[in-house]
Amino acid sequence: MSERSGDSRRRVRRRDRHGRGLRGPLAPSHVPIAKSRGERFDDLVLDAVDRLKPRWGKQLATMEFAVEEVPPPAELIDGPARLESDPIPFGRAETAAGSDPAVVVVYRRPLEARARDRDQLGALVSDVIVEQVASLLGLTPETIDPGYDDRH
């Protein structure tokens with residue numbers, strides 16, 4: 001703290017220690033780099049749903065799609081059913097109940113941990129969406145997306 005002319009008020013720093021001043025955002029808000037990881041993941045989910053709309057638009061209109069960070073603890077409990085599939089689920093489908101629509105939930109963190117890069121993450125998200133929509137419609141993933149079989 002420095003004193004000037006008998007004034008004992010604390011000086012307010014207006015610049016950083018290198019004298020460049022306060023920094024602003026690194027990129028304008030309309031460019032992709034300005035989006036958070038969560039926002040980019042949401043875009044991947046929307047892209048996967050959009051790819052299915054030309055063929056399944058009517059059925060998809062009755063569904064909601066959501067993203068959660070991680071699966072709830074109840075879905076992580078080990079047991080005989082868990083031994084048949086992946087130990088950590090990538091998504092879940094909830095059937096319509098009363099006035100509530102069917103819901104497809106995708107778990108962001110397990111998918112990001114599995115993917116090596118953005119392209120693989122997009123493919124994984126697409127596969128999860130296709131699998132969950134197929135389970136809600138009572139069809140095979142290959143029926144929902146003919147390209148699904150090529151990726152597996």
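A salt bridge links R92 with E75: at least one charged nitrogen is closer than 4.0 Å to a carboxylate oxygen. Using a cut-off of 4.0 Å between Lys/Arg side-chain N and Asp/Glu carboxylate O, R40 and D43 are scored as not salt-bridged.
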**Working for side chain to side chain contact (heavy atoms under 4.5 Å, CB included), residues E131 and Y148** = CA-CA 9 Å; E131 291 166 2; Y148 178 85; 2.5 Å; yes

**Prompt:** Could you walk me through whether F41 and V125 pass the side chain to side chain contact (heavy atoms under 4.5 Å, CB included) check?
**Reply:** CA-CA 9 Å; F41 189 87; V125 167; 3.6 Å; yes

**Request:** Could you check E68 against R108 for salt bridge (Lys or Arg N to Asp or Glu O under 4.0 Å), going step by step and ending with a plain yes or no?
**Result:** CA-CA 6 Å; E68 291 180 7; R108 181 173 73 89; over 6 Å; no

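Clustering ILVMFWY residues whenever any of their side-chain heavy atoms sit less than 4.5 angstrom apart, transitively, puts L139 in the very cluster that holds V128. Clustering ILVMFWY residues whenever any of their side-chain heavy atoms sit less than 4.5 angstrom apart, transitively, puts L60 in a cluster other than the one holding L46.
Between P89 and P110, the closest side-chain pair of non-hydrogen atoms is not below 4.5 Å. Taking the side chain as every heavy atom from C-beta outward, S126 and R51 approach each other to under 4.5 Å.
Residues V103, Y107 make up the rest of the hydrophobic cluster containing V105, defined by ILVMFWY side-chain heavy atoms closer than 4.5 Å, directly or through other members.
In this structure, the separation between CG on D47 and CG on L52 is 11.0 Å, given to the nearest 0.5 Å. Rounded to the nearest 0.5 angstrom, Q120 CD and D127 CG are separated by 10.0 Å. Note: R114 CZ to L121 CG = 12.0 Å, rounded to the nearest 0.5 Å. Rounding to the nearest 0.5 Å gives a distance of 8.5 Å between CG of L136 and OG1 of T62.
Here R109 pairs with E69 under the side chain to side chain donor-acceptor pair (under 3.5 Å) rule; sequence neighbours left out.
Of all heavy-atom pairs between M63 and L137, the closest is CE-CD2, 3.8 Å. Across all their heavy atoms, W56 and I144 have their closest contact at NE1-O, 3.0 Å.
When atom types are taken as modelled, the side chain of Q132 and the backbone of I129 share no donor-acceptor pair closer than 3.5 angstrom.
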